[in-house]
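Numbers here simply count residues along the sequence, with the first being 1. Worth knowing before you read on, the calculation uses all heavy atoms, side chains too, and leaves out hydrogens, waters and symmetry mates. Here the structure is a predicted model, which means the values were calculated and not measured.
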Amino acid sequence: MFKIISTIALKQFKMKFNYTLLLFLCTFYVKAQMSEFNTKKGYVAEGYDVVSYFNEKAPILGNKKYQAIFEKAAFKFASAKNLELFKANPQKYIPQYGGFCAYAVAAKKTKIDIDAESYEIRDGKLYLFYSSWFGNKLENWQKEDTKKLQVQGDKNWEYLKNKIN
């Protein structure tokens, strides 16, 4: 009888151990996959070349031939030249607030996806915005006190950047 009880207890222990191990591994995997960047379409800025926002009249969709990984996030570029510019100084080109809608981060303290063609370069930094037929958050950003929104966005981003969406 003692042997039956200890066999049952051992099986229960193994099962609990396996569940605990599985939970730990899943948590570790999710944490390892986390990035502070919006990569909903597989790339930051929906695959647009982040350097092109600064160097062209309009953003250009990147090419899979020219890619870089920066802080666990993938970026695409339209040319080898833009890829090299990015590699030389990624901080200059990465979008603020991880490429999430700047207005939503600042005004609503939340991460919202963007329309990569709705953007603003302000104070040498790239800000991306949500846009749909309901409205363009870039317009809200520009109508309101932008300096105040930038300060609030920076503060909110410290809280939001490591939160899972």
Side-chain angles (χ1 to χ4, degrees), residues 26-165:
C26 288
T27 303
F28 179 76
Y29 177 77
V30 168
K31 285 285 189 187
Q33 296 300 312
M34 280 181 51
S35 167
E36 68 182 56
F37 292 99
N38 178 1
T39 57
K40 185 175 182 179
K41 293 189 177 179
Y43 298 91
V44 174
E46 298 180 337
Y48 278 78
D49 178 343
V50 293
V51 175
S52 73
Y53 286 94
F54 293 87
N55 299 346
E56 304 294 333
K57 292 181 185 195
I60 300 171
L61 198 55
N63 185 321
K64 286 186 178 184
K65 279 183 11 181
Y66 310 110
Q67 296 188 48
I69 302 295
F70 178 75
E71 294 183 1
K72 299 181 187 175
F75 291 79
K76 284 197 309 187
F77 302 92
S79 67
K81 178 184 175 190
N82 284 2
L83 172 60
E84 292 309 314
L85 286 168
F86 179 81
K87 285 181 177 180
N89 188 3
Q91 294 296 339
K92 178 178 178 178
Y93 301 106
I94 59 173
Q96 297 302 292
Y97 315 131
F100 290 95
C101 175
Y103 183 79
V105 169
K108 307 294 183 190
K109 199 175 185 177
T110 190
K111 293 178 181 178
I112 301 291
D113 291 323
I114 51 103
D115 171 354
E117 294 181 3
S118 179
Y119 71 98
E120 180 180 60
I121 304 290
R122 183 179 289 266
D123 303 326
K125 296 178 181 177
L126 172 60
Y127 294 89
L128 300 171
F129 299 90
Y130 172 82
S131 181
S132 75
W133 58 279
F134 288 117
N136 187 334
K137 292 303 167 189
L138 171 59
E139 294 168 3
N140 298 79
W141 175 265
Q142 292 173 334
K143 286 179 187 174
E144 296 182 26
D145 183 347
T146 304
K147 288 291 182 196
K148 184 177 175 184
L149 286 169
Q150 285 175 302
V151 169
Q152 189 62 47
D154 292 347
K155 180 181 174 189
N156 290 350
W157 185 242
E158 287 305 311
Y159 170 79
L160 291 170
K161 69 180 172 184
N162 293 316
K163 298 260 183 224
I164 296 175
N165 234 11

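Side-chain contact between W157 and Q96 is absent, with no heavy-atom pair separated by less than 4.5 Å. In this structure the side chain of Q150 never reaches within 4.5 angstrom of the side chain of K125, judged on heavy atoms. Between L160 and Y97, every side-chain heavy-atom pair lies at or beyond the 4.5 Å cut-off. Between W141 and T146 there is a side-chain heavy-atom pair separated by less than 4.5 Å. Inter-residue side-chain proximity for L138 and S131 is flagged as unmet; no heavy-atom pair is nearer than 4.5 Å. Two residues are said to be in side-chain contact when any heavy atoms from C-beta on lie closer than 4.5 Å; F77 and V50 meet this criterion.
Among residue pairs with one or both ends in residues 46-58, those qualifying as side-chain hydrogen bond (donor to acceptor under 3.5 Å, both in side chains) are Y48-E117, D49-N82; sequence neighbours excluded. For residues 131-156, every residue pair satisfying the salt bridge (Lys or Arg N to Asp or Glu O under 4.0 Å) rule, not counting sequence neighbours, is listed here: D123-K147.
L128 and A116 get closest at one heavy-atom pair: CD2-O, 4.2 Å. Closest of all the heavy-atom pairs between A78 and I60 is CB-CG2, 3.7 Å. The two residues A73 and F37 come nearest to each other via the heavy atoms CB-CD1, 3.4 Å. Scanning all heavy atoms of the two residues, the minimum distance from P90 to F70 falls at CG-CE1, 3.5 Å.
Not a single donor-acceptor pair under 3.5 Å links the side chain of K163 to the backbone N or O of K111. No donor-acceptor pair under 3.5 Å is formed between the side chain of E84 and the backbone N or O of K81.
In this structure, CG on L83 lies 13.0 Å from NZ on K76, to the nearest 0.5 angstrom. Interatomic distance, CG of L126 versus OH of Y93, reported as 11.5 Å (0.5 Å rounding). For the atom pair I94 CD1 and E36 CD, the distance stands at 7.0 Å (nearest 0.5 Å). Atoms CG and CG, from D115 and N136 in turn, are 7.0 Å apart once rounded to the nearest 0.5 Å. For the atom pair CG (N38) and SG (C101), the distance works out to 10.0 Å, reported to the nearest 0.5 Å.
The only option from F100, Y127, Y159 that meets the side chain to side chain contact (heavy atoms under 4.5 Å, CB included) definition with V105 turns out to be F100.
Taking the six-membered ring for Trp and the full ring otherwise, Y103 and Y130 have centroids separated by 6.0 Å or more.
Ring geometry, F75 versus F86: the interplanar angle falls from 30° to 60°, so the pair is classed tilted.
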